[in-house]
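Chain A is the first sequence line, chain B the second, and so forth, proteins listed ahead of strands; every chain is numbered from 1. Only heavy atoms go into these numbers, but all of them, side chains included; no hydrogens, no water, no symmetry mates.
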Protein chains: 2
Amino acid sequence: MSTAASLASFDRMWADLGPVGRVASGGYRRFVWTREDAALREWFAGEAAARGLDLVEDRVGNQWAWWWDGPGTVDDAVRAGHTGVAIGSHLDSVPDGGAFDGPLGVVSSFAAVDALRASGVVPGRPIAVTHFIDEEGARFGIACAGSRVLTGALDADRARALTDGDGVTYADAFAAAGRDPQALGRDEETLARVGCFVELHVEQGRALVDLGAPVAVASDIWPHGRWRFDFPGEANHAGTTRLEDRKDAMLGYADLVLAARAGAAERGCVATVGKVAVTPGGINAIPSHVTGWLDTRGTDEGQVRALVDDLETRVQQHGATVTRESWTPTTRFDTDLADRLRRVLGSTDELSVPVLGTGAGHDAGILSGAGIPTAMLFVRNPTGISHNPVEHAETQDCHAGVEALAACLTDLVADQP
Amino acid sequence: MSTAASLASFDRMWADLGPVGRVASGGYRRFVWTREDAALREWFAGEAAARGLDLVEDRVGNQWAWWWDGPGTVDDAVRAGHTGVAIGSHLDSVPDGGAFDGPLGVVSSFAAVDALRASGVVPGRPIAVTHFIDEEGARFGIACAGSRVLTGALDADRARALTDGDGVTYADAFAAAGRDPQALGRDEETLARVGCFVELHVEQGRALVDLGAPVAVASDIWPHGRWRFDFPGEANHAGTTRLEDRKDAMLGYADLVLAARAGAAERGCVATVGKVAVTPGGINAIPSHVTGWLDTRGTDEGQVRALVDDLETRVQQHGATVTRESWTPTTRFDTDLADRLRRVLGSTDELSVPVLGTGAGHDAGILSGAGIPTAMLFVRNPTGISHNPVEHAETQDCHAGVEALAACLTDLVADQP
């Protein structure tokens, strides 16, 4: 396969995306339905147009750039049994996130299309490059919101009612971006087109460094969830209120933070309290309300659930209420598809193309949960650091990712089901 | 003294101020150099104008409404040895603060002027009703900023460089409000006019309830200060980063919150962590930086200092840096002035006009620290709750406060030094 052109295309796209939503920290703030998000959508539309791909936006706002030279339309092909092969990822970021988490998969997908074309591949099935919106959930608090609403894993009414830190509802943000909030919901038409999905993503750990391999295939996503803990207190003067007369909501919150960490260590999970909101939030006012968000995951679903149960019991002494905002059980990716990709990638043993589980949620996990055969490729991360401005992948590893994705795609579209 | 008219005037002013800066919680958000602040300043100017008082703004933006019928100007009177008697307080609030903390003193001061006029008092010294700006420091983090800059207790360069939560400097906010930031600084001309200061304030505790008295005279303000604790961490993915690889800034913060409370209990002080800022602040990102603000006070200066020392030592294990943002030692109000006011108020023993210390800082404390004879009157608070939308004082106690302040003022302006 001729890949030089596709790798040059990768480098050009990567350079184009670099400045979009970049902030002083050197990281990114790319949140759904913002000006930065609009710039990313326009970039995606431009790349689709430059390749003559047919751009379709689903009911949720996810973008699909279709390559199908016929006969007939994509839907004709689907009806004839030739369902589409979707490849892609997301473009949004956590606050001050890195450049690779998400965009690497989208850019690599366009570059893979270029590679197939340079090689003269004539796809036997439609191909879509996909941009899932709002994967990080940084603005409205629900991760993978784009794929969740698409598949019905997140109810449209619940999505519309989500609010951001300024009190703006998802429905209002969606309407302000020129979309119809009433159209939000599971999109059968789109889902029917997708025969399988492959998401390439930067690794968010150091396993590939230790294994000495540039690319891995995913086995599963750990069970993971988010819980909101609300601690009540009573606002009062920080100087004049005796300790014994106080109801200070911050104390229960601090207890949660330390108990979550200790419990996670005990149960072999990970737990993070990365976001907190304090009312009224004045230096000289006793907090009347503190909300903390717990993110916890682990290889063992029972241990993750037990950790949260422990914490729920513990915070009762502080009068706290606990709300589950999301929960995703263990997601096992399609074994046949994973084995096929590993064969395509020339795996001779476990080590040449490693198989990795991950603690990170992904749109691929949501699609897999909706019954779509799904796989993931991970690209080596030299430090393992992610969700941080210094997140990085070496260019040669990114290029290896493009080549791996192109090889997998070539194999999948040769398939005549 | 005829007070019916002045009490009606109090009620009218109280009703006029009610809606300004009120928020959904039922409390107030009145922060310096905002639209709400401008409305409060305009209200003050209107009340001054309605009484024919001479409105002067000092270099800092504090408002002074002078009543002096001559001979000569206020400054002529001062040069002749008849320094002014200032009465007043502040109009700003903590986030979601109550209606009484601050405004009760300003409204009572105008009503006291009305009472003197209704009684035909001809002042032998100039009288000023004073509105100190930014007492709570809710926007820029330094309490009593108006009186501190006025007296030089806060350096003008330091004041100009303060930033609010949006990164706006005090200098820029001051300029945007139409003032010259270069004019900020100790205002000798204003200070020279003030012979003594009396601040009436709602009590921020329950001592007067227990003592069965509507009004007290202050003895002292406890030593108090604010410290900023900065905890370093490393942003990383909340799902994929092993516990042992993490540098989670939230853990040190939580340890501070619990240690501050335990240490305060041990040392007989109070300590509060009411404000926190987290970077990046995403649910699925390990915090790379957490800043917490500690407010601590107590009757014993040594114990307060020792508590902060203990905490500074403790947070070294988390790599934290500690910055003192403000510190005010014990402030003892002028004993002669306090005794005089208690005699005026008909004190026959300790209980009829109680003498109270307080853990709250006040502009009166700053003026006292600058060598101006200063006193405070406290008005009973039935619940003791303050810095909270439900903060309250009964109307009859407010009226008793106006009468007490008018009586004190009458006595003070009869004085011919």
So which of [options] has the largest heavy-atom pair count under 4.5 angstrom toward chain A?
options: Lys275(B), Arg226(B), Glu203(B), Gln204(B); value: Gln204(B)
options: Leu294(B), Asp96(B), Val278(B), Leu251(B); value: Leu251(B)
options: Ala285(B), Ala143(B), Ala235(B); value: Ala235(B)
options: His224(B), Glu325(B), Arg297(B); value: Arg297(B)
options: Gly298(B), Gly205(B), Ala360(B); value: Ala360(B)
options: Pro287(B), Ala238(B), Ala207(B), Gly98(B); value: Ala238(B)

[X], part contacting chain A, at a heavy-atom distance under 4.5 Å:
X: Glu136(B); answer: both
X: Thr241(B); answer: backbone
X: Arg29(B); answer: side chain
X: Val257(B); answer: both
X: Ala138(B); answer: neither
X: Ala271(B); answer: backbone
X: Val94(B); answer: side chain
X: Asn236(B); answer: both

(request) Let me know which of Val355(B), Thr358(B), Leu356(B) forms a side chain to side chain contact (heavy atoms under 4.5 Å, CB included) with Ser219(B). (result) Val355(B)

Of the listed residues ([options]), which shares the most heavy-atom pairs with chain B below a 4.5 Å separation?
options: Glu234(A), Arg242(A), Arg246(A); value: Arg246(A)
options: Ser386(A), Pro280(A), Gly359(A); value: Ser386(A)
options: Val390(A), Val270(A), Asn284(A), Thr296(A); value: Asn284(A)

[X] side chain vs [Y] backbone, donor-acceptor pair below 3.5 Å:
X: Thr383(B); Y: Ile385(B); result: yes
X: Glu301(B); Y: Thr330(B); result: yes
X: Arg206(B); Y: Pro382(B); result: yes

(request) Under 4.5 Å heavy-atom distance to chain B, tell me which part of Asp248(A) shows up: side chain, backbone, both or neither. (result) side chain

(message) Can you tell me which portion of Glu391(A) sits under 4.5 Å from chain B's heavy atoms? Options are side chain, backbone, both or neither.
(response) neither

(message) Using a strict threshold of under 4.0 Å (side-chain N to carboxylate O), is an ion pair present between Asp134(A) and Arg139(A)?
(response) no

Just say parallel, tilted or perpendicular for the rings of [X] and [Y], cut-offs at 30° and 60°.
X: His362(A); Y: Phe378(A); result: tilted
X: His237(A); Y: His387(B); result: tilted
X: Tyr253(A); Y: Phe231(A); result: perpendicular

(message) If we count only N and O atoms by modelled type, under 3.5 Å, do the side chains of His289(B) and Asp230(B) hold a donor and an acceptor together?
(response) yes

(message) If we count only N and O atoms by modelled type, under 3.5 Å, do the side chains of Asp363(B) and His90(B) hold a donor and an acceptor together?
(response) no

(request) May I have the step-by-step check of side-chain contact (heavy atoms from CB on, under 4.5 Å) for Phe140(B) and Phe31(B), ending in yes or no? (result) CA-CA 9 Å; Phe140(B) 292 96; Phe31(B) 306 151; over 6 Å; no

(request) Please test Ser326(B) against Arg148(B) for side chain to side chain donor-acceptor pair (under 3.5 Å), starting from the C-alpha separation and ending with a verdict. (result) CA-CA 11 Å; Ser326(B) 68; Arg148(B) 280 184 204 271; 4.7 Å; no

